Amino acid sequence: MKILVIAEHDNKKIKPSTLCTISAGLKINENIEMLIFSDGSQDIVSDAQKISGLKKVTLIKHEIFKSQIAEDITKALTGFLESGEYTHILAPSTTFGKNLLPRISAHLDVQQISDIMNVLDHETFERPIYAGNAVCKLKSKDKIKVITVRGTCFEPCKKESENTVEVIDSSLTFDGKVNFVKHELSESDRPELTAAKIVISGGRGMQNGDNFKLLEGIADKLGAAIGASRAAVDAGFVPNDWQVGQTGKIVAPDLYIAVGISGAIQHIAGIKDSKFIVAINKDEEAPIFKFSDYGLVGDLFEVLPALEQKL
Amino acid sequence: MKALVCVKRVIDYNVKIRVKADKTGVETENVKMSMNPFDEIAVEEAVKMKEKGILNEIVVLSIGSESSGETIRSGLAMGGDRGILVKTTNDLEPLNVAKVISKIVEKENPEIIIMGKQAIDDDSNQTGQMLAQICKLPQATFASKVEKNGERFEVTREIDGGLETISVELPCIITTDLRLNEPRYASLPNIMKAKQKKIEQIDVGSFGLNLENRLEIIEVNDPPERKPGIMVQDVEELIGKLKSEAKVLS
Ligand SMILES: Cc1cc2nc3c(=O)[nH]c(=O)nc-3n(C[C@H](O)[C@H](O)[C@H](O)COP(=O)(O)OP(=O)(O)OC[C@H]3O[C@@H](n4cnc5c(N)ncnc54)[C@H](O)[C@@H]3O)c2cc1C
């Protein structure tokens, strides 16, 4: 058995979800390698050197990988895989991994297994279906297993190693059917939603974007990330990438605080692996209270300032 | 220009699903079925493009049993021109779905193929990307904005850290995210009109594909239940519990 993890990075650091993917891989087998596509920035190399648990790290270097276009990576990756020695190909179940891996899977003519939550053995896995309202245990009959990993279900691996990173200069040419135009990324000093220990989210009950300041004060005190329900995002209160839920981010912090969120199944799908859930809602019948460990019925405009002050 | 829109019939998103007692799957008998919400967004986007004059024909495709014909029919009521139903009684995995769609792409030669980024039943998020690989076409997944720019499309994609804009050559595959548009309700006259529109039926066997499933479902279970929680009276009690009981605050 030999496992290949495709690394996700932002040209500076390997993303935490990749570290969780490595941990999932280690549950399959210890013979595990990591592959990076990048323009070869020194930051990435130094970061990759530290990651524990890897037998080998390879970096395929090309200008074009500064933007991580699926078609470009697919071309280089399918070439790399020609040796045919890998039995498992893993990537994080982030928009990066979701965008890329099905192409690799189709290229290899195997059925991808999306978003695994658990590794039972090298061919048996658990994954959520119906927004996590059911869990499917399945066995893959394919020779090569192509898998995306739900990061919140696995602890990130450590960064205590001194790997050598083998850099391969790629001389491939690309067809330009897809060109990168621009990124509009949210800048924030707060922890990433999917990696934060504490998350506080606001819903439609927040009424407008300005009122999210009430959450910011608390988030600052707790070192928390801020999230939102779809209703809050759709109403334009906060950016799209704050959305938590079935179709937004899946989070599993130690503490999740839902403020002015009713608790629709699609929202619950994204939070129910949290260790503790706190719900603050003025409607005592709100479904969110069925999922919360601690519920507080009250007007958020009174509760939040009191909470910030008392923390 | 022609669009192929792929739609899947799924359990309605408002239904609280139940896992079958024998653990082979979830209960689908007597359960309300609807078009996958992401596919509705795909149909809407195609209809909008047609209204803008970018498209002149919208073909709505579904793969499934006879009843998937109803799902196609709702796409036609929203503004699709004709339908194709590829008939099968098996639950096809995404790879096989992509293979079947690729056969329709060969036959129809659409310039643009639009579908939901995921189906809300198995949440795989694979078919569009697999189809792109099989047909050697460029993909623009998780689209929240699509604009024609000369001979190409400029597509804004929802990614984890924010938004990414890419430019793709035609023909291409677009998968839709929630904020691309708000699907319209079909009007009664349009529902009536849709009844006259043609739906071609093709038997899946006619493609000569090997569509054997690769994943064996061992069992389907309820997710682990959360223990019931308690209500607290005020902020002091809440902070107290978080410190002493949950130990998540110090
Ligand atoms: C295909 C699909 C995918 C979806 N994906 C997601 C997803 O990923 N994430 C997601 O969140 N949703 C998702 N949704 C939407 C979901 O169904 C709900 O519509 C949404 O979660 C509702 O958001 P909300 O709880 O903020 O708003 P509402 O349901 O309107 O709830 C607002 C709550 O705020 C409370 N409130 C109002 N004022 C106050 C106050 N002053 N003080 C205290 N409480 C107050 C109200 O009592 C109410 O409970 C999806 C839907 C579909 C169809």
Side-chain angles (χ1 to χ4, degrees), chain A residues 69-71 74 94-95 98-99 102-103 105-107 110-115 124 128-142 177-186 230 234 239-241 247 254-255 265 272 275-276 278 291-297 303 306-307 310-311, chain B residues 11 13 16-17 19 26 93-95 98 120-126 129-130 132-134 138-142 144 154 158-169 177-179 213-223 226 229-232 234-236 238-239 241-242 246 248-249:
Chain A
I69 298 292
E71 284 73 3
T74 300
T94 54
T95 50
K98 286 175 183 168
N99 191 37
R103 290 199 79 120
S105 182
H107 169 79
V110 304
Q111 176 53 52
Q112 176 179 316
I113 308 158
S114 288
D115 218 19
T124 317
I129 54 175
Y130 292 92
N133 288 304
V135 176
C136 182
K137 188 192 287 183
L138 54 83
K139 190 170 174 170
S140 163
K141 292 181 265 188
D142 281 315
K177 280 187 180 175
V178 180
N179 297 329
F180 173 78
V181 178
K182 65 174 178 197
H183 270 151
E184 293 155 75
L185 302 180
S186 346
R230 177 181 169 195
D234 282 359
N240 295 354
D241 59 306
T247 47
D254 292 341
L255 174 61
I265 46 172
K272 65 174 182 225
K275 273 207 196 100
F276 290 93
V278 168
F291 301 93
S292 62
D293 300 281
Y294 303 108
L296 178 56
V297 178
V303 173
L307 185 60
K310 300 226 160 69
L311 277 172
Chain B
I11 295 182
Y13 78 93
K16 172 124 184 51
I17 62 111
V19 171
V26 307
E93 292 171 348
L95 178 68
I120 60 162
D121 48 5
D122 78 348
D123 285 329
S124 283
N125 195 330
Q126 299 174 359
Q129 298 87 312
M130 287 179 158
Q133 187 65 21
I134 292 168
Q139 72 190 36
T141 54
F142 327 144
S144 66
E154 223 168 78
E158 294 206 15
I159 59 168
D160 288 330
L163 299 172
E164 175 182 87
T165 306
I166 56 175
S167 152
V168 289
E169 189 180 279
D177 216 318
L178 286 174
R179 272 166 287 273
N213 280 350
R214 316 292 185 84
L215 304 178
E216 178 197 338
I217 296 182
I218 301 174
E219 58 185 34
V220 174
N221 289 299
D222 282 309
R226 293 189 67 88
I230 58 161
M231 300 304 285
V232 294
D234 51 30
V235 168
E236 283 81 17
L238 176 62
I239 295 179
K241 294 277 185 204
L242 291 176
V248 286
L249 296 186

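To find a chain, count down the sequence lines: A is the first, B the second, and so on, and within it residues start at 1. For the numbers below, each heavy atom of this structure counts, side chains included, while hydrogens, waters and symmetry mates do not. As the structure is a computational prediction, the values presented were derived from the model and not from experiment.
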Check each atom of A:Lys272 against the heavy atoms of chain B and say whether the ones under 4.5 Å are side chain, backbone, both or neither.
both

Is any side-chain heavy atom of B:Ile120 closer than 4.5 Å to a side-chain heavy atom of A:Tyr130?
no

Student check: side-chain heavy atoms of B:Met130 and A:Ser105 closer than 4.5 Å:
yes

Choice from B:Glu93, B:Glu216, B:Lys16 maximising heavy atom contacts with chain A below 4.5 Å
B:Glu216

Passes side chain to side chain contact (heavy atoms under 4.5 Å, CB included), B:Asp123 versus A:Asp115? Steps please.
CA-CA 9 Å; B:Asp123 285 329; A:Asp115 218 19; over 6 Å; no

Measure distances from B:Ile17 to the heavy atoms of chain A and classify the residue's part below 4.5 Å as side chain, backbone, both or neither.
side chain

Part of B:Ala246 lying under 4.5 Å from any heavy atom of chain A
both

At a 4.5 Å cut-off on heavy atoms, which part of A:Glu71 comes close to chain B: side chain, backbone, both, or neither?
side chain

Checking A:Ile69 against chain B: side chain, backbone, both or neither under 4.5 Å from a heavy atom?
side chain

Which region of A:Ser186, side chain (C-beta onward) or backbone (N, CA, C, O), has a non-hydrogen atom less than 4.5 Å from a non-hydrogen atom of chain B, or is it both or neither?
both

Could you report the tightest heavy-atom contact between B:Leu95 and A:Ala106, atom names first, then the distance?
CD1-CA, 3.9 Å

Closest approach of A:Asp241 and B:Asp160, non-hydrogen atoms and distance?
CB-O, 3.3 Å

I'd like to check B:Met231 versus A:Val297 (side-chain heavy atoms, cut-off strictly below 4.5 Å). Are they in contact?
yes

Return the CD1 to NZ distance between B:Ile159 and A:Lys98, rounded to the nearest 0.5 Å.
12.5 Å

Using a cut-off of under 4.5 Å on heavy-atom pairs, state which of A:Asn179, A:Asp142, A:Leu185 scores highest against chain B.
A:Asn179

Choice from A:Ile129, A:Val178, A:Ile113, A:Val110 maximising heavy atom contacts with chain B below 4.5 Å
A:Val178

Given that the side chain runs from C-beta out, which part of A:Ala70 has a heavy atom under 4.5 Å from chain B: side chain, backbone, both or neither?
side chain

Side-chain contact, heavy-atom cut-off 4.5 Å: B:Glu154 with A:Val181?
yes

Among B:Val168, B:Thr141, B:Leu215, which residue has the highest count of heavy-atom pairs closer than 4.5 Å to chain A?
B:Leu215

With a 4.5 Å cut-off on heavy-atom pairs, point out which of A:Lys141, A:Lys139, A:Arg103, A:His183 contacts chain B the most.
A:Arg103

Name the member of A:Tyr294, A:Phe276, A:Phe180 that forms the most heavy-atom pairs with chain B at distances under 4.5 Å.
A:Tyr294

Considering only heavy atoms from C-beta outward, does the side chain of A:Val135 approach that of B:Val19 to under 4.5 Å?
no

I'd like to know if the side chain of B:Asn213 pairs up with that of A:Gln111 as donor and acceptor (distance under 3.5 Å, no hydrogens or angles considered).
no

With heavy-atom distances below 4.5 Å as the criterion, would you say the side chains of A:Leu296 and B:Val235 are in contact?
yes

Do B:Lys241 and A:Asp293 have side-chain heavy atoms sitting under 4.5 Å apart?
no

Mind ranking B:Val220, B:Asp234, B:Asp177 by heavy-atom pairs under 4.5 Å with chain A and telling me who comes out on top?
B:Val220

Choice from A:Thr124, A:Asn133, A:Asp254, A:Thr74 maximising heavy atom contacts with chain B below 4.5 Å
A:Asn133

B:Gln139 (side chain) donor-acceptor with A:Asn99 (main chain) under 3.5 angstrom:
yes

Has A:Glu184 got a side-chain atom pairing as donor or acceptor with B:Gly162's backbone, closer than 3.5 angstrom?
no

Under 4.5 Å from a heavy atom of chain B, the part of A:Ile265 involved:
side chain

Considering only heavy atoms and a distance below 4.5 Å, find which of B:Leu178, B:Leu238, B:Val26, B:Ile239 pairs most often with chain A.
B:Leu178

Looking only at heavy atoms and a cut-off of under 4.5 Å, which of B:Ile11, B:Asp222, B:Ile134 has the most pairs with chain A?
B:Ile11

Between A:Ser114 and B:Gln126, does any side-chain donor sit less than 3.5 Å from a side-chain acceptor?
yes

Contact check, side chains of A:Arg230 and B:Arg179, non-hydrogen atoms, under 4.5 Å
yes

